[in-house]
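A quick write-up on the structure given underneath.
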Amino acid sequence: MKVFRGIMAGILTVCLLAIQLPAAMSQGCDAEPQVTAQAAILIEASTGRVIWEKNADEEHYPASTTKMMTGILGLENIGPRTEVFISPQASGTEDCFLDIHAGERLTAEELITGMLMVSDNGAAVAVAEQVDGSVPAFANRMNAKAKELGMEHTHFENPNGLPNPNHHSTVRDMAKLARYAMENPKFREIVGTKNRTIKWAFPATKQLAVENTNKLLGRYKGMTGIKTGWTSAAGGCLAAAAKRNGVELIVVLMKTPTPDDRFRDAEKILDYGFSHVTMVKGISKERVSRNVWVKNGKEASTTAHLVSDIDYPLINNESPEKYTVTYDIPRVVSAPVKEGEVIGKAVIKYDGKAVGSVDVAAGKVNKGNSIGSWLVSLFEGLLVRL
């Protein structure tokens, strides 16, 4: 009898496993991530190629992921040692986790670092006031930058993401912003820092130990940043980046039910990405140069080059032979041209469809007069058509 019961138990176990196995497999690496976020997107960082998406063009409040824009504009427009004055408007903003007070001063580097790490709303106002004198003027700058980055469904009203009916974005747009910001070494350093002490310029004795609000730093293998966001209206928002085995992925998600859901969702999406994406060498930036004619300059031409190597992300063992690159750069530009100024893009296509891009920058040309540059102006129409 015991033997019979043992046999029956074994048969029952096998049957249960047979029933459960397909369900377990359907939740494995090949299954698309099941997430709580109402909108989410996963891109490969170097090219911007979309790996996976959910409601990527649906507009939502971005909450404090807005500070990615504030942070990068602050880094681009304020010297790191510049002392930033904390105004009553900045100190009076809700949720000032840095404990900043009117009349205090911090260097731009310390202020932007604290703002990005602990998501201080008042610090974002202080950055806006330092760059453009007021929040509305800075919001205009934010929107101009958004347009430049191709953020087609985004409008900013403030530098911190506090709820406003006219302050909205999409995960696709915010992924473009995150990718751009992470190309800045200082921004990347800040958002990848887990713990730091913020020091004041005045009062000189004041300092504060802070911890990054991104709970995935130090918890998720390869995590490199980026920015959290949460309000009751926006729900949970997150932009997160991670790098493993030469593959860097960026996930952006909006409107999770709880703050912790955004981290769990990001882990699922990144796991999915790393199990499906590999990188292969494409084009070295040293091997690509294009001549660009210059008018109104001391020289008649400059050389355009890739700002970085192009490596190809392959999804599910795609063929690298199906990748092509075309160059969208002007034949003629007008001086002055700054060293490293972005003048166009290398458009990356897979099987004929554009899937990403890498910036193309030019060498320096000062404004001035030269015979060659005068001839470029004279024959510009012909040069453009060549």
Side-chain angles (χ1 to χ4, degrees), residues 33 35 37 40-52 62-76 80 109 112-119 149 171-196 198 210-230 236-254 259-260 262-279 307-313 315 356 358-359:
V35 297
I41 195 169
L42 177 70
I43 68 169
E44 191 277 315
S46 69
T47 64
R49 183 176 180 185
V50 175
I51 309 302
W52 176 85
S64 284
T65 58
T66 297
K67 296 187 182 84
M68 292 190 292
M69 179 65 87
T70 305
I72 192 62
L73 289 177
L75 291 172
E76 291 177 347
E109 181 174 338
I112 293 170
T113 297
M115 177 194 74
L116 288 171
M117 287 186 65
V118 303
S119 207
L149 295 177
V171 291
R172 192 185 307 280
D173 281 1
M174 295 304 278
K176 293 175 182 178
L177 172 59
R179 182 186 170 220
Y180 172 79
M182 287 294 278
E183 291 173 350
N184 183 294
K186 189 61 184 179
F187 183 95
R188 177 179 283 269
E189 175 191 329
I190 292 171
V191 299
T193 301
K194 184 172 176 59
N195 295 283
R196 192 179 186 279
I198 304 298
V210 299
E211 182 176 1
N212 202 307
T213 57
N214 183 359
K215 293 182 179 180
L216 296 180
L217 285 170
R219 185 175 98 185
Y220 187 85
K221 181 183 176 182
M223 181 60 46
T224 55
I226 306 173
K227 187 70 194 76
T228 59
W230 168 268
C237 300
L238 179 67
K243 188 171 185 178
R244 295 181 185 176
N245 302 319
V247 179
E248 184 164 34
L249 303 177
I250 294 174
V251 58
V252 178
L253 47 88
M254 290 180 174
D260 285 341
R262 56 190 167 167
F263 299 120
R264 286 190 286 264
D265 282 357
E267 288 178 307
K268 291 178 183 179
I269 296 169
L270 288 169
D271 284 346
Y272 174 84
F274 285 122
S275 68
H276 284 74
V277 180
T278 56
M279 300 294 289
V307 301
S308 63
D309 295 343
I310 296 178
D311 293 332
Y312 300 137
I315 306 173
V358 170
D359 286 340

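It should be emphasised that the depicted structure is a prediction, and the values quoted were computed from it without experimental measurement. When a residue number appears, it is its place in the shown sequence, counting from 1.
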Test your reading of the model: is there a side-chain donor-acceptor pair from R49 to the backbone of P313, 3.5 Å cut-off? yes

Side-chain donor/acceptor of R179 to backbone N/O of K176, under 3.5 Å: no

Minimum-distance pair of heavy atoms, taken over all atoms of T47 and E44: OG1-OE1, 2.7 Å

Working to the nearest 0.5 Å, report the span between OG1 of T278 and CD1 of I315. 9.5 Å

Quick check: do V50 and R172 have side-chain heavy atoms less than 4.5 Å from each other? yes

Is there a side-chain contact between S46 and M279 (heavy atoms, below 4.5 Å)? yes

Can you tell me if NZ on K194 sees more than 12 non-hydrogen neighbours from other groups inside 6.0 Å? yes

Search all heavy atoms of E248 against all heavy atoms of T224 and return the closest pair with its distance. OE2-OG1, 3.1 Å

Just how far is it from atom CD1 of I72 to atom CG of N184, taken to the nearest 0.5 Å? 4.0 Å

Is the NZ atom of K268 crowded by more than 12 outside heavy atoms at less than 6.0 Å? yes

Pairwise distance OG1(T113) to CG(N212) - rounded to 0.5 angstrom: 10.5 Å

Ignoring hydrogens and geometry, is there a side-chain-to-backbone donor-acceptor pair from R196 to I190 under 3.5 Å? no

Taken to the nearest 0.5 Å, the spacing of R262 CZ from M254 CE works out to 13.0 Å

With the side chain counted from C-beta on, respond yes when M174 and L177 share a heavy-atom pair under 4.5 Å apart, and no when they do not. yes

What one should report as the nearest heavy-atom pair of W52 and A40 is CZ3-CB, 3.7 Å

I need the E109 CD to I198 CD1 distance, nearest 0.5 Å. 9.0 Å

Considering only heavy atoms from C-beta outward, does the side chain of V191 approach that of M182 to under 4.5 Å? yes

Residue pair K227 / S119, side-chain donor-acceptor N/O under 3.5 Å: yes

Provide the closest heavy-atom pair for T65 versus A239 in the form atom of the first, atom of the second, distance. CG2-N, 4.2 Å

Does a side-chain heavy-atom distance below 4.5 Å link L216 with L238? yes

Closest approach of E267 to Y220 (non-hydrogen atoms, all atoms of both residues): CG-CD1, 3.7 Å

Applying the side chain to side chain contact (heavy atoms under 4.5 Å, CB included) criterion to V251, which one of V35, I43, L42 satisfies it? L42

Would you indicate whether the side-chain heavy atoms of D260 and K215 approach each other to under 4.5 Å? yes

N214: which of L116, I226, T193, T228 passes side chain to side chain contact (heavy atoms under 4.5 Å, CB included): T228

Here the pair of heavy atoms bringing V358 nearest to S308 is CG1-OG, 3.5 Å

